[in-house]
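Worksheet: one structure, shown below.
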Amino acid sequence: MTTASPTSTAPQPTSDARSVLLEHAQTLESIAKELGLTDLGRTIGADTRRRLDDHRVRAVVLGEIKQGKSTLINAILGRDVLPTGVTPTTGAVATVRVGDAPGMFVCTDDDRTAIEADRFAALATGRDQPLEGSTLELVVEDGALPPTLELIDTPGMNDMERVRGAISRGQLPRADVLVLVLDATQLLNRTEMAFLRDAISAVGGLAGSGASLLLAINRIDLVDESDRPLLVDYLRREVRALAGEGAEDAIEIFQTDARGALRRPDEDSPGVEDVRRLRARLLEIADGHADVLPARARAALSRHASLLAHNAAIAARALTLEELALRREIRAIEREVLDHESDMVLLREQLAAGQATLQEQSEARIDRFRDDLRASTLSCVDSANLRMLSNHLPGSLHDAFLAFAREESDRLRVELDELTHQAMRTHGEQARRRLFQATMRLGFRGPPIYIDPPSVALEAGLVFVGLAGTAVMYFGSMMAGLAMTVAGPLATVFLREKSLRDARERAKTELPGALERASEALRDSIRRVVEQHVSAVEEHLVLANVALGRQLVSVLEQAREQLGQGDAPDAENRRTQAQARMLELEQQLYAVRQQLQR
Amino acid sequence: MVHIAADLPQFLQRRELAAYEQRLARTAYAYGVDLRRAQWLATSTVGDPLMRTVDRRWSSMVQGLEADSVRPLRKAPPTALLEELARLIHMLRAPLPTIRLLRPEVAGDWPTITPLGTTKGGLHWLVMDLDRVMALSAPERTFALASALGHLQCDHGAIFAAHLMAHRGRRVGLVKGLLRPWAKVSVFSADRAGLVAAPSLEVAFEAVERQASEHPAWMPRWPDLATRRQSLEDFDKSSMMARRRLLCDDHGGWSMAPPGREEEMDSIGRKMASALGGAIRMGGRLAMKIEGYERRRKDDGDASDEADEDEEAKVDANAEAEAPEEPKAAPEPPPIDPERASRLEKALRDAWSLARCDQRLTRRLGLL
């Protein structure tokens with residue numbers, strides 16, 4: 001397989017769009033530095049410039065071990081360049097691209113060393129350990145790929161050594177195209193689903209982010225032809241649900257036979273044909289790099305802004321702590337998160353279990369409160385007068401719900417913080433803010449019930465009877481007039497009592513429904529807060545991926561530095577200033593995210 | 001065990017207390033030019049049956065609105081807007097309203113913000129067209145929200161509800177006609193509340209003009225713009241505005257309450273909290289008011305709470321125990337800035353009394 005020479009006059013992003021993106025990158029870079037995340041700042045700047053200036057689309061090939069990722073890359077290239085076979089499994093990230101001087105290299109940030117094929121194979125299969133932070137590069141001769149496309153081979157995501165999985169995760173944010181290789185005989189298992197969710201989140205989603213997801217159902221030749229459409233339908237359904245709305249156009253499915261395509265490239269079987277189709281699609285995406293890469297840069301900046309916002313929330317909360325507490329948290333992160341690589345699957349399971357328990361307990365408390373309030377209200381209704389029923393009871397019910405919501409949100413804040421703490425050994429301001437917002441919204445929902453005041457017609461009528469009676473007494477029959485004059489107020493008293501009884505009945509009838517509606521609103525609000533919080537924690541874990549521990553320590557150390565010695569004379573003043581600055585940074589990040597998503 | 005928040009009688013008592021406070025506040029007569037007129041309408045032998053006619057139709061009106069005009073409750077306004085509202089509620093001592101948002105297809109038939117309600121502080125609604133509210137500039141939005149809250153504070157919600165009911169064919173045309181004199185004056189109180197919150201005269205003029213230009217047919221007819229502008233200019237010279245300009249800090253911490261009231265409210269909150277196990281400091285306006293105070297205090301407490309949890313850092317805990325915290329002394333009141341005090345004194349000397357503003361307005365309107 002060969003490719004026509006790429007044109008050097010490919011369309012470039014307009015200078016306006018480019019300068020806006022670079023400006024945003026600069027803002028985020030400086031915010032990252034201010035938060036103590038110098039490395040992240042550097043990555044933001046470098047990633048943006050690479051996307052805007054290098055014009056190379058990065059297609060990252062992912063999948064579990066032994067699914068045929070390297071074989072598929074070889075098949076796309078049309079030659080056996082990456083080590084494959086029964087034993088070899090990819091142990092390091094390897095980039096394949098074209099260049100003037102073909103060869104194999106080990107690359108670090110500032111160095112690139114040529115290596116022999118044997119050494120490359122040893123490093124690529126994990127027999128030899130590469131230096132930390134280095135990647136492998138395989139430069140193939142012109143024609144095998146267009147210069148605007150890089151293929152990245154990754155270790156299996158369920159590799160026994162979790163580090164390898166983490167390395168693959170580290171590649172995700174830099175991907176422009178995700179090629180997920182699945183085994184046709186055991187399609188989309190739990191690990192793959194979780195990994196795919198992370199991958200989609202790490203590339204900033206598929207809707208409008210410029211990223212594409214190409215799903216390769218490999219070894220399709222092992223599946224009966226009649227079952228293949230069912231497989232494709234199932235996969236499409238599951239992935240759509242995972243990717244969310246608006247992502248359909250970015251998802252494509254290929255039924256490949258990578259091994260067959262490598263051995264018999266000219267065969268007409270559907271599996272081999274789809275390998276050719278996959279290659280053509282990759283080339284097509286690479287050809288449209290002028291559209292894809294600015295969109296990717298924008299999505300990546302938005303994602304980095306989210307990550308910085310999470311870190312800023314952690315810093316904001318750290319700035320409220322005393323020095324001793326802060327030091328303990330840093331030690332705990334160093335002990336738990338830095339020393340032991342985070343296992344995303346395990347963490348996710350922990351979070352899901354915690355979320356379910358929290359919701360269950362909270363709902364039980366709400367139900368108990370509703371029942372207690374119903375009993376208390378019914379006893380009040382029995383002794384309340386009309387004014388109390390129509391003027392004060394609705395508002396009081398609202399106040400009672402608000403009081404409970406405030407107490408419940410205080411309790412939930414502690415529990416959500418604890419849940420977050422389990423995942424990352426520290427926590428930020430998010431739980432408190434979300435619960436504050438939820439309670440505030442409930443405050444503006446208004447009373448759940450309104451009890452109509454009694455009709456005025458009867459009272460007015462009876463007043464008229466009284467007045468008429470007085471007139472009759474003066475101008476007509478004394479006895480009849482007297483009777484009318486006395487009967488009016490007496491009947492008023494009687495009818496007032498009847499009105500009161502009616503109002504009480506109405507209140508009793510409407511109360512259960514009203515309390516249920518208000519409880520449901522509270523339940524719904526709390527459920528949403530817990531869900532949002534847990535997904536934010538998950539997002540933070542995914543966005544930070546392998547750098548989570550380092551980032552947390554940097555942010556907390558920076559906060560500690562800003563606070564300085566707690567007994568210094570200007571300590572309180574410094575704390576206030578640092579908190580105000582953090583608020584400014586968060587507002588700035590919010591504004592950047594809004595502009596990037598516009 | 002019964003949950004403390006489920007004990008309704010305490011909330012009923014507090015509501016009664018709040019209603020009593022509201023009546024007292026009216027005697028302070030801050031910005032409401034027609035408070036006494038509105039009070040007469042709600043409590044007199046003639047006014048009460050009139051207003052009760054409106055109150056009795058409230059439920060059916062709400063059902064109608066939910067069916068064709070307002071969005072479901074799930075859709076909430078942005079938090080920033082709610083925070084702004086909470087700030088203004090605190091500042092104007094206004095009641096906590098229910099916020100409902102208009103559906104886009106009917107929003108054109110409504111003002112940007114419509115205050116509705118029942119009499120005697122039963123229910124207060126603000127019906128908003130969120131798109132138009134968010135499109136306003138920040139100062140104009142503040143004016144619009146504050147003037148709507150001013151309407152609610154002065155019990156004008158029922159007047160507008162009567163007009164809306166008449167428009168929706170609920171047979172209260174006669175009541176609406178009888179309420180015309182009250183409706184005519186109501187806007188001046190609301191304009192004043194808006195100016196207190198804004199607090200720029202230029203912003204107030206722009207907002208009033210915009211309000212007049214988008215006036216739906218079913219709303220009561222407002223007095224002409226010149227009269228409203230004149231009234232705002234008069235009020236801008238009042239001692240209330242002089243105090244507002246000089247005493248308001250950057251965070252909007254100033255409120256309509258007389259000096260010392262803040263501390264008193266906090267103190268009441270603390271007493272209730274200690275009496276009821278710290279669980280009933282919430283609810284309604286009081287909760288809104290002490291939100292910031294409470295948050296600061298809780299955050300301060302986080303460090304010590306979490307310190308207790310870490311069992312492995314006993315050495316540090318011992319070090320901490322060696323230096324026990326001294327009991328905190330009661331916070332001293334901030335010292336009075338003499339320069340600020342003299343500026344305030346001068347401004348108050350030059351300012352008009354509220355009675356003078358009211359007298360000029362009522363004479364201009366030909367009211368008693």
Side-chain angles (χ1 to χ4, degrees), chain A residues 317 320-322 324-329 331-332 365 368-377 379-380 384 387-388 390-407 410 414 432 436-437 439-441 443-447 450 452-456 459-460 463 521 524, chain B residues 2-9 11-12 14-16 18-19 48-50 52-53 55-56 58-59 62 73-74 76-77 79 82-83 85-86 96-100 118 120-125 279-284 287-288 291 295 298-300 302-307 310 313 316 319-320:
Chain A
R317 181 250 172 199
T320 64
L321 294 181
E322 294 304 324
L324 187 66
L326 203 47
R327 220 169 50 217
R328 277 183 196 150
E329 288 206 355
R331 270 213 310 272
R365 283 194 296 266
R368 210 164 47 240
F369 164 73
R370 183 204 52 206
D371 295 343
D372 290 348
L373 184 63
R374 187 192 295 143
S376 169
T377 310
S379 70
C380 277
R387 183 178 55 84
M388 196 79 109
S390 55
N391 290 350
H392 299 323
L393 188 83
S396 303
L397 279 174
H398 185 47
D399 290 350
F401 263 99
L402 266 185
F404 176 76
R406 292 283 303 273
E407 197 189 325
D410 276 353
V414 176
R432 191 185 62 74
F436 171 66
Q437 285 178 8
T439 317
M440 178 170 256
R441 286 181 179 185
F444 287 98
R445 278 181 73 93
Y450 176 67
D452 292 336
S455 163
V456 287
E459 285 177 48
V463 169
D524 187 43
Chain B
V2 176
H3 197 284
I4 193 79
D7 181 22
L8 195 71
F11 294 104
L12 278 169
R14 282 172 55 189
R15 277 272 156 176
E16 279 194 292
D48 178 47
L50 205 65
R52 230 195 284 172
T53 315
D55 289 354
R56 280 182 61 78
W58 176 264
S59 297
V62 167
L73 270 168
R74 277 195 306 282
T79 308
L82 296 183
E83 279 178 331
L85 260 173
L96 180 72
T98 301
I99 306 288
R100 299 305 301 265
T118 58
K120 303 190 194 81
L123 294 172
H124 300 286
W125 275 39
I280 58 159
R281 278 169 297 161
M282 316 122 189
M288 288 289 178
E291 174 61 43
R295 228 186 314 165
K298 290 225 171 88
D299 288 351
D300 289 346
D302 275 351
S304 55
D305 291 346
E306 281 154 15
D310 195 340
D316 293 333
E320 209 177 24

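Sequence lines set the chain letters: A, B, ... in the order given, protein chains first and strands last, and positions in each chain run from 1.
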Closest approach of B:Leu8 to A:Ser376 (non-hydrogen atoms, all atoms of both residues) | N-OG, 2.9 Å
Supply the atom-to-atom distance A:Leu326 CG to A:Leu321 CG, rounded to the nearest 0.5 angstrom.
-> 5.5 Å
Among B:Pro9, B:Ser59, B:Pro77, B:Ala76, the residue with the most heavy-atom pairs under 4.5 Å to chain A is B:Ser59
Heavy-atom distance under 4.5 Å to chain B: side chain of A:Arg387, backbone, both or neither?
-> side chain
How long is the gap from CH2 on B:Trp58 to CG on B:Leu123, to the nearest 0.5 Å?
-> 6.0 Å
Is it true that B:Arg14 and A:Asp399 make a salt bridge, defined as a side-chain N closer than 4.0 Å to a carboxylate O?
-> no
Of the listed A:Arg374, A:His392, A:Arg370, the one with the largest count of heavy-atom pairs under 4.5 Å with chain B is A:His392
